Amino acid sequence: MATVEQHSPQTHNGFASTAAQIEVENPATGQTVASVPDMGAESIAEMARRARAAQPEWEALGFEGRGRILLRGQKWLMHNSRQFIATIISETGKTFEDASLAEISYGGNAFGFWARNAPKYLADERVKSSQLLVKGKKLILRYRPLGLIGVIGPWNYPFTNSFGDCIPALAAGNSVILKPSEITPLTSMLMAEGLRECGLPEHVLQIATGRGETGAALVEQVDMIMFTGSTATGRKVAQAAAGRLIPASLELGGKDPMIVLSDADLERAANFATYYSMQNAGQTCISIERAYVEAPVYDEFVAKVSEKVRALRVGAPQGPGSVEVGAITFPPQLKTIEDHVADAVQKGAHVLAGGHAPRTERGRFYEPTVLVDVDHTMKIMTEETFGPTLPIMKVADSEEAVRLANDSPYGLGASVFTRDTRRGEAIARRLEVGAANVNDAMINYTALELPMGGAKASGLGSRHGPGGIRKYCSQQALVITPRLALKRELHMYPYKSRSSRLLAGFFKFLYGRGRRG
Ligand code: NDP
């Protein structure tokens, strides 16, 4: 069984001996749990050379050969899930349930999904054309792996948002170098070790541990970059990718709105507001970050949510069922949350639950917090808070709710609660977001058949669905002319008056018939 060694410098990919080390801290306890090499540009260039050398053999295995190894990876993950969950918790401080439901179950599903669907999504497509000049020829659209993919991941979901993006890239036949967040590298290292045990050829998948500079060096080496993180860093990555003319797929920040209409099932809406704003301590790009509630049900909704949020337990996870809200993983995030709450209170907001970082001897936490009397002059309604906070705003009607929901630079996800699902769908269609749920939230992420991506400043491109694997490929058009073809085709040299007139007349007949209207 693979292990990630604790309390000692990590050696992997043979780069550890000389590199400076980065200490990995458990945010729930403050203890150092491991250290990993801080890899520089030279190490990344060497990794890229190895990855490129290994890629053709991996591609040559075909969908079946690659799928077999990915399915072994699925079983490996499930058989080692206890150790896996412990590793995720040790570097994120998240609860057992957040690690198990949103990371391990995603991983298990993703390995199987891409192993099964890669051959379907990337199958050669026979194309028909109405163009006269290609009549009688075989036209094929083919997806070819780009070669070497770079994946840069954040700290909030070390499996789902980091390793998860490697799986379709591998299934397509690419080599991959993954740069996890410096805060949470251990989960990726463990899974890479697991895939090696499952027969993944050497250097097809490598983990580049390091900080932002390591990520920047990776963009300089790869044929395509998949990035998840902040909009500010995403812009830098997109600029670097543009300089090299390589494609970039970006999943960035969000400020997801929830709209509650007066005919909604309020008990369901309140449960969803509580869970999807506080789950993973609010450190999810598609968590509910703000709620707009129609005036007639506002008081009842606020009362229900406040009561539910006050009942949540926050602290260091001690196993299943111990706490609902775990640690704040990223040290600077706590300051952002405190700043947003203080800014709101200073501008007139009232705190109905939480509102502080609890006093603990060790670890980093924030109390699950509900705010009312909020408006769009406050950061908590307009900037990504990424913490266990839910500001709730009263609106006159659905028109005001839609206008305020769209009043954001972000556009990742949204949710609408109403018993009138036709009206809910009509409102969902007007929201400027990549995914909108009616009477649900965030759940679109689990449907790997659907694209998941952002509008506006929330990103470019998407993960999941056919586009989520085709982006790791280039498209090649193939035109095959049969063996028994004319020696010379009608449009070719020498130009002759008769054939040129005939062709011109034919195009006129083909495209110029009928009235101009
Ligand atoms: P970043 O966007 O800075 O980090 C994301 C990844 O990019 C990390 O692996 C990081 O490395 C790496 N990176 C940093 N600089 C560069 C660079 N110039 N070129 C290439 N890669 C780079 O996010 P933060 O961790 O700083 O979080 C900031 C905010 O982003 C949070 O407060 C939150 O609002 C948002 N966020 C959004 C997420 C989402 O799912 N969309 C996930 C996480 C955060 P390293 O961590 O080692 O510096």
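Atoms within each ligand, like the ligands themselves, are counted from 1 in listed order. This is a predicted model, so every value here is computed, not measured.
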Residue part near ligand 1, for Phe227, under 4.0 Å between non-hydrogen atoms: side chain
Gln283, portion touching ligand 1 at heavy-atom distance under 4.0 Å: neither
Flag if over 12 foreign heavy atoms under 6.0 Å of CZ, Arg235: no
Selection residues 431-471 - residue pairs positive for ring pair (Phe, Tyr, Trp, His ring centres under 6.0 Å), sequence neighbours left out: Tyr106-Tyr445, Tyr106-His464, Tyr445-His464
Just jot down the ligand 1 atoms closer than 4.0 angstrom to any heavy atom of [X], in number order.
{"X": "Gln333", "answer": "31 (C), 32 (O)"}
{"X": "Leu252", "answer": "41 (N)"}
{"X": "Asn156", "answer": "40 (O), 42 (C)"}

Proximal candidate to atom 9 (O) of ligand 1 [heavy atom criterion; set Gly229, Gly153, Gly215]: Gly153
Derivation and outcome, side-chain hydrogen bond (donor to acceptor under 3.5 Å, both in side chains), residues Arg463 and Thr228: CA-CA 10 Å; Arg463 57 165 66 93; Thr228 305; 2.9 Å; yes
Side-chain ion pair, Lys347 and Asp343, N-O less than 4.0 Å: yes
Nitrogen or oxygen atoms of [X] and ligand 1 under 3.5 Å apart:
{"X": "Phe330", "value": "no"}
{"X": "Lys236", "value": "no"}
{"X": "Gly210", "value": "yes"}
{"X": "Cys285", "value": "no"}
{"X": "Lys179", "value": "yes"}

Closer than 4.0 Å: a protein non-hydrogen atom to atom 24 (P) of ligand 1: yes
Over all atoms of both residues, closest heavy-atom pair of Ala353 and Arg310: CB-CG, 3.7 Å
Any Ile183 heavy atom less than 4.0 Å to ligand 1: no
Top protein contact for atom 34 (O) of ligand 1, by heavy-atom distance: Glu384 OE1, 2.6 Å
Protein contact to atom 30 (O) of ligand 1 [nearest heavy atom, distance to 0.1 Å]: Ser230 CB, 3.0 Å
Cation-aromatic face contact Lys179/Phe227, 6.0 Å, 45 degrees: no
